[in-house]
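Presented below is the structure to which this report refers.
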Amino acid sequence: MENLDFYKSIASTIKYPSQAYINGKYQDAISGNVFENINPATAEVLGTVSHCDHLDVDIAVKAARKSFDNGEWSRCAPEKRKEVLMKLADLIRQNADELAVIESLDSGKTITDCLDEIGGEVPDFFQWYGELIDKTFGKVVPTGEDAAAFIVKEPVGVVGLVVPWNFPLLMAAWKMAPALAAGCSVIVKPAEQTPLTAIRLAQLAEDAGVPPGVINILPGFGETAGEALGRHSDVDVMSFTGSTEVGGYFLKYSSESNLKTVGLEMGGKSPFIILDDAEITDDLIENAVSSAFWNGGQNCSANMRQIVDKRLKDDYLHRIIKLTESYKVGEPLDPNTDLGSMITQEHQQRVLSYIAKGCDEGANLIAGKNGAMDREGYFIQPTIFDNVDPQSTIAKEEIFGPVLGVVTVDGMDEALRIARDTEYGLHATVFTKDIGRAFHMARHLPVGTVGINGFTEGDIKTPFGGFKKSGSLARDNGTEAMDQYLQTKTIWFNL
Ligand code: NAD
């Protein structure tokens, strides 16, 4: 990792991408409209970006359909798609510093997080799914001698991908890599707050050999480009990551258009449970604090409900406060910074209103001094509430900022009951030394991922997604992600 001056010098020379990418060409929106792109850490305008709407969606869908039907990508030998995706992974690694700086300026995320994602996970996804392509087999069906039957997997066709701002390029890669590996043509709508890295990625994909029309990037707003994509009758599958409210809209768009399949990855309010037999180690404290405040708490699986047995609470509280107060909040391009800014001023105000609500509802503010910071940009100090009522607003709603609430419990049964009492079901963490209790908790928590004795979202090999209002049956990551982008066909021969 280099130092602040190094990343600032990259920032000073960057030419920000600004146009949509459709059918292999960068171009303005048909309307000619643009929107401002703001650096949330300074409140300065970085530049303007094409504001795509239904007209651009329509030409992008046509280009995607044409590319899908001509078969240059969808029906090419698997080795060919593999070679291109592996090359794309290499190009992302070679350009990781520049992409990470763009992402940090665009989102207020720390350069450390951006580099971890863009230098590591993002290219790894393209490589992993590239490597999977020529190892994905169909099945031969048992029949009598008068027949032969096969079950084959085929790409679904044109796929719309709508992604959020909290992990801009990573969320795009989670979806693009398996969709492209499957042979689909994609239209990506990045979040309006963070369109830049997805636009830049299109150039690298072109350089890697992805044919025109297979990848299209449409910067724009949810109500314009997002809705038009969700409602388009020639989009076969939509895969969405974002809020539960907007996820619901995509089901409506589908039911009012062509009944396209919709995959949803949505919000969370994840519990971090410390049972009475756990040991409060430095590792546990590090997990408690980083799982809450990583990415400024703007993380769907952030462990914001910390459910702690009363026998261990004093030691735990004392130590999480100490670690939290050591976190450095500020300049995102400085590798020593732990927390960057909130994504927008509006979001900062929303998070601050939750902090005020926590105080009004009687929770005890023990770290964070009322949240806001006296500096340019949209920063919030990491904040901890103790004595949080499990039925209060800050315990129930997804805040999506650095606001951790501690709920005290007496025994495992109460911990489990409170952990389950939420409309979300994305993730949970449990600390215990007892393997039997670990299994009991894991089996009874209605969530897509459970970490035992450590916060984890799993890795590239493990499916990620939510139960209840956190997701649909679709999963990102692992071989399961391919299921969103492949359909099953039976071919039966009478002999
Ligand atoms: P959001 O739902 O506001 O926006 C997500 C995307 O949907 C953006 O591209 C946006 O432009 C688009 N959109 C917004 N309104 C739309 C509309 N009316 N029609 C069509 N598209 C529309 O979410 P966000 O604020 O960008 O992201 C934060 C949310 O994402 C949180 O709830 C978080 O938990 C969730 N998230 C979930 C996961 C997961 O894997 N489950 C991962 C990251 C983030």
Side-chain angles (χ1 to χ4, degrees), residues 35 40 49 51-54 57 106-107 109 117 121 160-175 187-195 198 217-232 235 238-254 256-257 260 262-270 294-304 342-344 346-348 350-351 397-401 422-427 447-449 457-458 462-478 480-481 484:
F35 60 94
V49 177
H51 183 169
C52 297
D53 61 19
H54 67 284
V57 167
D106 206 13
S107 65
K109 287 165 68 83
E117 290 153 26
E121 289 179 69
L161 305 175
V162 174
V163 292
W165 46 260
N166 59 341
F167 298 94
L169 198 59
L170 185 64
M171 290 300 103
W174 274 22
K175 296 182 187 301
I187 297 140
V188 184
K189 198 211 75 65
E192 52 271 35
Q193 299 86 351
T194 54
I217 311 286
L218 297 184
F221 285 71
E223 298 74 13
T224 50
E227 177 165 354
L229 197 53
R231 287 188 180 280
H232 202 291
V235 172
M238 275 300 316
S239 182
F240 167 81
T241 295
S243 61
T244 297
E245 182 187 1
V246 175
Y249 297 162
F250 278 94
L251 295 175
K252 182 167 161 348
Y253 302 155
S254 167
E256 291 175 358
S257 57
K260 59 179 73 61
V262 178
L264 301 172
E265 302 287 356
M266 302 176 288
K269 190 75 187 177
S270 302
W294 161 50
N295 208 35
Q298 302 170 119
N299 178 13
C300 54
S301 56
N303 280 178
M304 290 310 189
M342 297 291 97
I343 186 69
T344 58
E346 186 192 2
H347 188 57
Q348 180 202 38
R350 182 176 172 273
V351 175
E397 295 183 12
E398 184 183 43
I399 300 174
F400 225 58
T422 168
E423 60 183 8
Y424 294 112
L426 189 60
H427 186 277
V447 299
T449 300
E457 291 187 343
T462 55
F464 186 79
F467 289 23
K468 297 160 75 174
K469 280 192 178 172
S470 290
S472 59
L473 290 178
R475 291 290 179 266
D476 286 330
N477 306 351
E480 285 78 358
Q484 288 192 63

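Since the model is a prediction, treat every value here as computed from it, not as a measurement. When a ligand or atom number is given, it counts from 1 through the structure's own listing order.
Between Tyr249 and Tyr253, the two ring planes are tilted [angle within 30° to 60°]. Ring planes of Phe35 and His51: perpendicular class, angle over 60° (limits at 30 and 60°). The aromatic rings of Phe400 and Trp165 stand perpendicular to each other, their planes meeting at an angle above 60°, with 30° marking the opposite boundary.
The closest donor-acceptor contact from the side chain of Thr244 to the backbone of Lys469 lies under 3.5 Å.
Between Phe240 and ligand 1 there is a heavy-atom distance shorter than 4.0 Å.
Of the polar atoms of Met266, at least one N or O is found under 3.5 Å from an N or O of ligand 1, judged by distance alone. Annotation: Asp476 places no N or O atom under 3.5 Å from an N or O atom of ligand 1; distance criterion only. Looking at ligand 1, you'll find an N or O of Ser243 within less than 3.5 Å of one of its N or O atoms.
Closest to atom 24 (P) of ligand 1, if we only count protein heavy atoms, is Trp165 NE1, 3.3 Å. Looking only at protein heavy atoms, the nearest one to atom 28 (C) of ligand 1 is Phe400 CE2, 3.4 Å. Counting protein heavy atoms only, atom 17 (C) of ligand 1 is closest to Tyr253 OH, 3.4 Å. For atom 27 (O) of ligand 1, the nearest non-hydrogen atom of the protein is Pro164 CB, 3.3 Å. Nearest protein heavy-atom contact of atom 44 (C) of ligand 1 is Asn166 ND2, 3.3 Å. In this structure, the protein non-hydrogen atom closest to atom 34 (O) of ligand 1 is Glu398 OE2, 2.6 Å. With respect to atom 15 (N) of ligand 1, the closest heavy atom belonging to the protein is Val246 CG2, 3.6 Å. Of all protein heavy atoms, the one closest to atom 20 (C) of ligand 1 is Gly222 O, 3.2 Å.
Each of Met266, Glu397, Glu398 was evaluated against Tyr424; a single residue qualifies, Glu398, per the side chain to side chain contact (heavy atoms under 4.5 Å, CB included) test. Looking at Val188, Ile187, Thr224 one by one, the single match for side chain to side chain contact (heavy atoms under 4.5 Å, CB included) with Leu229 turns out to be Ile187.
Checked against the 6.0 Å centroid threshold, Trp174 and Phe167 do not count as a close aromatic pair.
In this structure, the side chains of Pro40 and Thr344 stay at 4.5 Å or more apart for every pair of heavy atoms. At least one side-chain heavy atom of Asp476 sits under 4.5 Å from a side-chain heavy atom of Gln484. Counting heavy atoms from C-beta outward, Met304 and Ile399 have side chains that stay 4.5 Å or more apart.
Residue-ligand proximity, Glu192 to ligand 1, at heavy-atom distances under 4.0 Å covers atoms 10 (C), 11 (O). Counting the atoms of ligand 1 from 1 in the order shown, those under 4.0 Å from a heavy atom of Phe250 are 20 (C), 21 (N). Those atoms of ligand 1 that come under 4.0 Å of a heavy atom in Phe464, given as number and element, are 40 (O). For ligand 1, the atoms closer than 4.0 angstrom to any heavy atom of Val163 are 6 (C), 8 (C), 9 (O). Within ligand 1, counting atoms from 1 as listed, the ones closer than 4.0 Å to a heavy atom of Lys189 are 9 (O), 10 (C), 11 (O). Counting atoms of ligand 1 from 1 in the listed order, those under 4.0 Å from a heavy atom of Tyr249 are 17 (C), 18 (N). For ligand 1, the atoms sitting less than 4.0 Å from at least one non-hydrogen atom of Val162 are 6 (C), 7 (O), 9 (O), 12 (C), numbered in the order shown with element in parentheses.
Shown here is Glu256, whose CD atom has more than 12 heavy atoms of other residues, nucleotides or ligands within 6.0 Å.
For atom 4 (O) of ligand 1, no protein heavy-atom neighbour is present inside the 4.0 Å cut-off.
A salt bridge does not link Glu265 to Lys175: none of the charged nitrogens lies less than 4.0 Å from a carboxylate oxygen.
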Practice item. Take Thr422 and Lys269, measure what side-chain hydrogen bond (donor to acceptor under 3.5 Å, both in side chains) needs, and give me the verdict at the end. Key: CA-CA 8 Å; Thr422 168; Lys269 190 75 187 177; over 6 Å; no
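Heavy atoms of Met171 found under 4.0 angstrom from ligand 1 belong exclusively to the side chain.
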